[in-house]
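Let me begin by presenting the structure, written as structure tokens, before commenting on it.
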Amino acid sequence: MAVLHDALTLPCGQVLPNRLMKSALSEGLGNAGNAPDERLERLYARWSAGGYGLVVTGNVMVDRRHLGEPGNVVITDDRDLDALSRWAKTTQDGGVPIWMQLNHPGRQANPLATRDKPVAPSAVAMGIPGAPAPRELADEEIVDIVERFATAARVAEAAGFNGVQIHGAHGYLVSQFLSPLANLRTDRWGGDPDRRMRFVLEVVRAIRSVVNPGFAVGIKLNSADFQRGGFTEEESQSVVERLSAEKIDLIEISGGSYESPAMMGQGATQSASTKAREAYFLEYAQSVRNAAAHVPLAVTGGFRSRVAMLDAVESGACDVVGLGRPTAITPTAAADVLTERTDRLHSPRITLGLPARVSTHPNVKSINGALDLQWHTDQLHRLGAGTDPDPSRPSWQTAVTMVKRNGIDAFRSKRSSAVSQQNKSDKTLRKFKVERAIGRYVANPTVRALDRIGIKTSLATDLETTGRKTGLARRVPVAASFDETGAWVICQHGTRSGWGSNIGADPKVRLRQGNRWRSGTAEFVHDDDVVARSRTFASNPVFGALTGATFRALQSTPISVRITFTDGQ
């Protein structure tokens, strides 16, 4: 019978000194270049003295174009190897193994930190108001992402980390591939449970092929999505069984997604046994014990009392107890439990404190969730700054912090927040308003006036999109260059513009070609040379040069848009 103090030997031979793990918490403390700095070193130095048997970092992204939140650390090569090495050394100086959690957000890419259109197994938007539809990944892009996970793991090992954990839960990309709601593919990456799990298996194999045998490879996996028609417990058990044959060292059980946040205890109603045992996913861990075979299981979510943690390990329901939010308030949480300095860890639920009848409203629940998450993140930032946590920090201070960092749009939809943050970071809000006014009150009326008196321009036409909020047709004048299969259009303000946001949410459009309307699908082409493209719009070389010079002068972050006709006319 194992107890919390017992060491645990993993399949790779690595030894964890005890059974309490500091689970991943997204810190948001990467610098402007998405590299770790002294703030992360200070934070993890505190955790290194916290008595944990294992420390897992917050999610480190494998692609700079797609971030989960502002301040993510990103690894695409070894450019930040020295800084990563200092980060790894912080816990190892205290004798604590440290693993790096690797992640790709997929369709959950945060618009505050990401300008590129989100990508996913299929072009299926999240069931959250304002969330844009992602772009479906091509086969070669999926292979590239697999290799990105392997590259990040190789760099992590070179930096001195003891292992990596693949984030396969909470609705991020790995989880999206596993879910039949998010993965509608019919190729080798989807179509049935076996093919939907191909991506995660390929990621594990790719990582194992580039690291040493003693380097640990773990995974955080959903027990279920807790959504009708989603990833089920039966499918999850099959994935666990397959993973156990892939040289996995630790499987951490979690569940839910940001559409159904069971990982925060906000999913389905908890049973009496779950409340008594505290952990949200402990019963599921017991049910997959045989499927996991020799691979140890960790359970994170809900543990607060020393009695419940001890019972979970002694009963064999899990091998490791994961502690998340309590470690933001009490960095020494594991030591406090192991030495019996405390019988129960503290982690408050932060809300606006509104009446129950109001708190059930979806918008209020969304604000409460963001507030609670930000409150705990504030505690990590305090630790990173070299100060102590503030358990009594009032929620209004966190609300002020949210507005200070992200503007009032921190409480609005993701689309609004994205526009606010991009305008703020680009420092072009005033110029943007001027450019928009010129287009709305000078350029567009001029084109329409010329059209009414019979002076036609070959490149001026109209584009019809679907309003992302109203669902109604919205027409705007644009310049277009037609060819046999479609047309090129330039979105002057990129994803900041109204119609640019519309096609991000629904790529189906109509474009007027002469006197007829053509149906098509629009897609942002981020790597296209906008200036060179704009020169091709005008047949007269003088006007072409003038158009290109205009885009260079405005510097309004334009993006080329390719419209492919689908009507067969």
Between L4 and V313 the two heavy atoms that sit nearest each other are CD2-CG2, 3.7 Å
Q) Does a side-chain heavy-atom distance below 4.5 Å link V200 with L178? A) yes
The single option from H381, Q374, H376 that satisfies side-chain hydrogen bond (donor to acceptor under 3.5 Å, both in side chains) with D378 is Q374
Note to self: Main chain of G30, side chain of R39: is a donor-acceptor contact present, judged purely on distance under 3.5 Å?
What the structure shows: yes
- Derivation and outcome, side chain to side chain donor-acceptor pair (under 3.5 Å), residues T377 and E27: CA-CA 6 Å; T377 301; E27 313 93 353; over 6 Å; no
Rounding to 0.5 Å, atoms CG (L250) and CD (Q14) come to a distance of 10.0 Å
Value for CG (L243) from CG (L221), rounded to nearest 0.5 Å, stands at 6.5 Å
| task | Side-chain contact test, heavy atoms from C-beta onward, threshold under 4.5 Å: evaluate it for I166 versus V204 and give yes or no. | result | yes
Please determine whether side chain to side chain contact (heavy atoms under 4.5 Å, CB included) holds for the pair L323 and T300, giving the CA-CA distance in whole Å, both sets of side-chain angles, and the decisive distance to 0.1 Å. CA-CA 6 Å; L323 301 176; T300 299; over 6 Å; no
- prompt: Just by modelled atom types, is the L67 backbone N or O under 3.5 Å from a matching donor or acceptor in the Q108 side chain?
  reply: no
Cationic N near anionic O, under 4.0 Å, D139 to R188:
yes
ask   = With a 4.5 Å limit on heavy-atom distance, are the side chains of L184 and V124 in contact?
value = yes
When you measure from the side chain of R196 to the backbone of S179, do you find a donor-acceptor pair of N or O atoms at a distance under 3.5 Å?
no
Problem - Check: D6 main-chain N/O paired with R19 side-chain donor or acceptor under 3.5 Å - result: yes
Between A152 and L102, the two heavy atoms sitting closest are CB-CD2, 3.9 Å
Quick one: does Q92's side chain have a donor or acceptor within less than 3.5 Å of a partner on G160's backbone? yes
Angle between ring planes, F177 versus W189, binned at 30° and 60°: parallel, tilted or perpendicular?
perpendicular
Practice item. Please tell me if the side chains of P389 and P331 come closer than 4.5 Å, counting only heavy atoms from C-beta onward. Key: yes
Requested in this report: Would you kindly say whether T91 and S48 are connected by a side-chain donor-acceptor distance under 3.5 Å?
Outcome: no
Subject >> Modelled atom types, side-chain donor and acceptor of S236 and Y284, under 3.5 Å >> reply: yes
The reported gap from CG in N18 to CG in L8 (rounded to nearest 0.5 angstrom) is 10.0 Å
Rounded to the nearest 0.5 Å, the OG1 atom of T330 sits from the CZ atom of R46 at a distance of 10.5 Å
- Do F215 and V164 come within less than 4.5 Å of each other through their side chains, counting heavy atoms only? yes
Looking at R154 and E157, does any basic side-chain N land under 4.0 Å from a carboxylate oxygen? no
Paired with M100, the side-chain contact (heavy atoms from CB on, under 4.5 Å) test is passed by just one of V73, N162, V60, namely V60
Test item: W47 side-chain N/O and T327 main-chain N/O as donor-acceptor pair under 3.5 Å:
yes
Closest non-hydrogen contact found for P36 with A83 is O-CB, 3.5 Å
Review point. Taking NZ, NE, NH1 and NH2 as the nitrogens, is one of them in R208 or E246 under 4.0 Å from a carboxylate oxygen of the other?
Key: no
Spell out, as yes or no, whether a donor-acceptor pair under 3.5 Å connects the side chain of R64 to the backbone of G33. yes
_NZ/NE/NH1/NH2 to OD/OE distance under 4.0 Å, K508 and D506_ = no
Taking Q176 for the side chain and G171 for the main chain, is one N or O donor matched with an acceptor at less than 3.5 Å?
yes
(request) For the pair H526 and F524, name the ring-plane relationship: parallel under 30°, tilted 30 to 60°, perpendicular over 60°. (result) tilted
Can you tell me if S175 and H167 form a side-chain donor-acceptor pair at under 3.5 Å?
no
Query raised in the report: How far apart are the C-alpha atoms of I98 and T57, what are their side-chain angles, what is the distance that settles it, and do they pass the side chain to side chain contact (heavy atoms under 4.5 Å, CB included) test?
Result: CA-CA 7 Å; I98 180 171; T57 74; 4.0 Å; yes
>> Donor-acceptor pair, distance only, cut-off 3.5 Å: does the side chain of D192 make one with the backbone of D194?
In response: yes
task = Kindly state whether the ring of W99 and the ring of F161 have centres lying under 6.0 angstrom apart.
result = no
On a heavy-atom basis, the closest approach of E147 and A206 is OE2-CB, 4.4 Å
Please step through side chain to side chain contact (heavy atoms under 4.5 Å, CB included) for the pair T151 and T76, ending with a clear verdict.
-> CA-CA 7 Å; T151 297; T76 55; over 6 Å; no
S244 and A292 have their tightest heavy-atom pair at CB-O, 3.4 Å
Side chain to side chain contact (heavy atoms under 4.5 Å, CB included) between E136 and V119, intermediate numbers included:
CA-CA 6 Å; E136 181 175 300; V119 296; over 6 Å; no
* L20 versus V337: any side-chain heavy-atom pair under 4.5 Å? -> yes
- Message: Given 3.5 Å as the limit, does a donor-acceptor pair link the side chain of D78 with the main chain of L81, or not?
- Response: no
Residues Q101 and V56: closest non-hydrogen pair is CB-CG1, 4.1 Å
### Query
Is any NZ, NE, NH1 or NH2 atom of the basic residue among R148 and D144 found under 4.0 Å from an Asp or Glu carboxylate oxygen of the other?
yes
Fill in: Residues D319 and R289 bridged, charged N to O under 4.0 Å
yes
With a 4.5 Å limit on heavy-atom distance, are the side chains of L25 and L380 in contact? yes
NE2 (H346) and CG (D336) are apart, to the nearest 0.5 Å, by 13.5 Å
**Prompt:** Do the side chains of C12 and K247 get nearer than 4.5 Å, heavy atoms only?
**Reply:** no
**Prompt:** Do E41 and R86 meet the salt-bridge criterion of a basic N to acidic O distance under 4.0 Å?
**Reply:** yes
So NE2 of H66 and CD1 of I145: to nearest 0.5 Å the spacing works out to 7.0 Å
Q.
Between K117 and E523, does any side-chain N to carboxylate O distance fall below 4.0 Å?
A. no
